[in-house]
Every structure is written in structure tokens, then in C-alpha cells.
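As a basis for the values below, the full set of heavy atoms in this structure was taken, side chains included, without hydrogen atoms, waters or symmetry mates. Just so it is clear, the model here is predicted, and its values are computed rather than measured.
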Amino acid sequence: MRLGVLDVGSNTVHLLVVDAHRGAHPTPMSSEKSVLRLAEQLTGSGTLSRHGADALVRAVAEGKASAVQFGCEDLMAFATSAVREAGNSAAVLERVRKETGVELEVLSGEDEARYTFLAVRRWYGWSAGRLLNLDIGGGSLEIAVGRDESPDLACSIPLGAGRLTRTRFKHDPPTRHELRDTVEWIDEQLAPVAKRVLRLGEPDLVAATSKTFRTLARLTGAAPSGQGPRVRRVLTHSGLRQLIAFISRMSAEDIAELEGVSAGRAAQLVAGALVAEATMRALSLTELEICPWALREGVILRRLDHTDGAVPPGETGRTAHFGARWNQ
């Protein structure tokens with residue numbers, strides 16, 4: 001079965017097309033990504049602007065068209081923090097449904113953490129033992145820990161790299177005062193969650209997902225993506241601290257010139273690095289391993305766990321495990 005997954009995040013819209021069969025690892029066939037920056041389209045009152053809603057409708061329509069072009073038999077479409085937090089999300093989602101035929105499912109922060117944890121567990125297997133996973137998105141930080149495929153603890157904290165860049169930094173590069181105050185604020189936000197995580201015991205493996213962690217690892221010496229997903233990549237706390245001392249004095253334009261940094265992510269890399277460092281420090285982590293699978297793969301795997309992978313003859317619309325649906 002050819003399956004499409006449309007991920008509407010705070011910064012980007014990503015369509016992943018995979019060859020998916022129950023009991024087998026999904027095989028990527030195509031990947032398309034476009035910059036959306038929905039989080040920047042939230043108004044002062046917390047609603048998604050008309051311009052932002054227009055852009056969302058266009059992006060979903062284009063994603064659906066690409067899925068049809070690639071011959072997808074099913075499309076799962078979901079949105080995360082930017083849509084989740086918009087005060088007019090219900091009206092925006094209804095407009096998307098009417099104009100595109102795609103029903104976007106809004107995942108909660110805890111759902112994001114759980115789906116991502118499932119993907120990481122499947123990647124490393126049961127031999128990983130007690131697994132702790134960290135994921136920094138545009139709007140939130142997800143933390144999940146456990147021994148099973150379902151974590152014992154899954155939580156989401158509003159510490160996304162894009163969110164902090166918009167709300168904490170007024171200068172580029174940020175001033176020393178902004179950096180110091182932001183680190184102190186992050187520590188306060190993390191403290192109660194860190195206590196809950198630490199009470200569950202020391203993890204056997206600490207993993208990290210998301211573009212932010214991959215970029216930070218690359219800048220501290222990890223192998224480039226061109227060497228494939230099976231190459232082990234790690235991010236150390238000491239290496240991260242050295243990197244922060246370097247990039248925190250650079251403008252976003254200069255950071256974008258560094259190898260492995262995309263122009264769209266450069267502006268929020270310092271904030272992401274501060275969240276990563278504070279999280280590692282709060283949880284007494286010296287090293288974490290970068291996992292190539294994350295939320296999208298978790299959504300696919302859970303979908304396959306609840307279906308036989310076949311589309312009934314004549315059926316043009318399907319409902320996934322968490323409710324996302326499309327109609328040709």
C-alpha cells in the first residue's frame with residue numbers, strides 16, 4: 001500500500017510518501033517539504049490570521065495533489081502546536097475540510113510525544129531497555145520515557161525553538177541579558193517535568209528526534225545526512241555547550257552559512273540549542289543518540305498496527321487510527 005502522511009507543523013508542511021505494509025518497516029518513496037511558518041501567523045488574540053488560514057488551505061491542497069500524483073491509496077493528515085493553539089482552530093479546520101476534502105487531525109502534545117516514542121522504540125528495538133526520548137519542535141518540547149511501546153510518561157512543554165525565538169529574543173544575535181534570562185526561564189519551566197522523569201529511574205538509552213537535534217549534532221561533528229540513517233550520530237552535553245558559546249554570538253544570517261543548517265531554521269537554532277542544553281542538564285544527561293525516525297514514522301506505524309494495510313475495492317476515503325481522512 002502506498003501511503004501519504006501530511007504533517008502540518010509550526011514551521012513547515014511535510015508530505016512523506018511511503019510503501020507501507022503491516023509487519024514491515026515503512027519504506028520512504030518520496031518527500032516534499034514547504035515552508036509555512038504558521039506560528040508567525042497567530043494574531044495578538046491568539047487566532048490564526050486570514051493570511052495564515054489561506055496559506056494552510058493552499059498547502060494542504062498542494063499536499064493532497066502530490067499524494068494523488070504519487071498514487072497514494074491513503075493520506076493521513078495531522079497538525080501540531082500552531083493549529084492546536086489557535087483560538088479559531090475549529091473554524092480553520094472546517095474551512096480546510098470544505099475546500100480541500102482533507103480532514104486535519106490536531107494532535108495533542110502528549111499524542112506527539114507518544115507517537116514519536118513509538119517510532120524510536122521500533123527503531124532501536126526492545127534491547128534498548130528503558131528508553132528516554134526528547135524532541136524539540138517549533139512550538140513545544142516533547143519528552144517521553146518507558147520500557148514498552150507506550151511510554152510510562154509522555155509530556156509536552158511549550159519550549160519550542162520557534163516559540164522562544166519569537167517571544168524571548170528581540171535582537172539578532174540575542175543579547176547576553178536575553179540569553180541569561182531565557183536560560184533561567186527555561187530552567188523554571190523544565191524543573192517540575194524533570195523531577196517526574198528522574199523519579200522513573202535512569203534510562204538505558206537516551207534518544208533525540210527532530211531537525212533541531214539533528215542540526216545541533218551535525219554542528220558538533222556528527223556525520224552528515226548523506227551517509228545514511230544507519231550511521232550512529234550523537235550529541236554530547238560538552239559539545240553542545242561549546243557550540244552555544246559560538247553560535248549565540250552569530251546573527252541568523254551567519255548561522256545559515258554553517259554547513260548543515262537550513263536557512264529556514266537558522267533564526268531559531270540558538271533558542272533550540274538553549275532548550276536542548278537545559279534539558280540535558282536538568283536530566284543529568286551527558287550524551288544522547290540521534291534517531292532518524294520521529295513523529296511521522298510513529299503515525300505510520302500506529303496506522304499499520306490498526307489495519308491490514310489494504311484499501312477495500314471502490315473505497316476512496318479512509319479513516320486512520322486517529323481520525324485523519326481524505327477524499328479524492
Exercise for the section: Kindly write out the residues that satisfy side-chain contact (heavy atoms from CB on, under 4.5 Å) with E85, not counting sequence neighbours, or none if the list is empty. Expected result: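 Result, side-chain contact (heavy atoms from CB on, under 4.5 Å) vs E85: S81, R163.
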Exercise for the section: Please identify each residue that fulfils side-chain contact (heavy atoms from CB on, under 4.5 Å) with L179, with sequence neighbours left out. Expected result: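 side-chain contact (heavy atoms from CB on, under 4.5 Å) list for L179, sorted by chain: F169, P174, S248, V270, L274.
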Electrostatic pair [X]-[Y], nearest N-O below 4.0 angstrom:
X    : Y    : result
D74  : R303 : yes
E178 : R168 : no
D254 : R249 : no
R147 : D204 : yes
R50  : D54  : yes

Taking only distance into account, with no hydrogens and no angle test, what donor-acceptor pairs under 3.5 Å do side-chain atoms of residues 128-139 form with protein atoms, sequence neighbours excluded?
from	atom 1	to	atom 2	distance (Å)
R130	NH1	L200	O	3.0
R130	NH2	L200	O	3.4
N133	ND2	T209	OG1	3.4
D135	OD2	T209	OG1	2.6

Practice task
Mind running side chain to side chain donor-acceptor pair (under 3.5 Å) on E287 and H237 for me, showing each step along the way?
Solution key: CA-CA 6 Å; E287 180 181 283; H237 186 235; over 6 Å; no
Exercise for the section: Look at the side chain of R233 and the backbone N and O of R214, then say whether any donor-acceptor pair between them is shorter than 3.5 Å. Expected result: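 Judged by distance alone, no pair lies under 3.5 Å.
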Practice task
Without swapping roles, check the side chain of S49 against the backbone of Q41 for a donor-acceptor pair under 3.5 Å.
Solution key: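 Yes, because the side chain of S49 sits within donor-acceptor range (under 3.5 Å) of the backbone of Q41.
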Problem - salt bridge (Lys or Arg N to Asp or Glu O under 4.0 Å) between D111 and R114, intermediate numbers included - result: CA-CA 5 Å; D111 283 340; R114 289 184 178 277; 5.6 Å; no
Handout entry: Q69, CD atom: more than 12 neighbouring heavy atoms under 6.0 Å
Key =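 Atom CD in Q69 is not packed in, count stays at 12 or less.
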Problem - W123 six-ring face occupied by R230 cation (under 6.0 Å, within 45°) - result: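 R230 over W123 ring: yes.
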Practice task
Assess whether side chain to side chain donor-acceptor pair (under 3.5 Å) is satisfied between S34 and E32, documenting all intermediate values.
Solution key: CA-CA 7 Å; S34 60; E32 293 184 356; over 6 Å; no
Problem - For E40, all residues meeting side chain to side chain donor-acceptor pair (under 3.5 Å), sequence neighbours excluded - result: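 In terms of side chain to side chain donor-acceptor pair (under 3.5 Å), with neighbours along the sequence ignored, E40 is linked to no residue.
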Problem - Partner residues of E257 under the side chain to side chain donor-acceptor pair (under 3.5 Å) criterion, sequence neighbours left out - result: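 Expected list: none.
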Which donor-acceptor pairs under 3.5 Å do side chains of residues 215-223 form with protein atoms, sequence neighbours excluded?
from	atom 1	to	atom 2	distance (Å)
T215	OG1	K211	O	2.9
R218	NH1	A222	O	2.9
R218	NH2	E259	OE2	3.1
T220	OG1	L216	O	3.1
T220	OG1	A217	O	3.0

Exercise for the section: To the nearest 0.5 angstrom, please state how far the OG atom of S108 sits from the CZ atom of R84. Expected result: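 Rounded to the nearest 0.5 Å, the OG-CZ separation comes to 6.5 Å.
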Handout entry: Closest non-hydrogen atom pair, L118 against G298
Key =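 Shortest heavy-atom contact: CD2-O, 3.8 Å.
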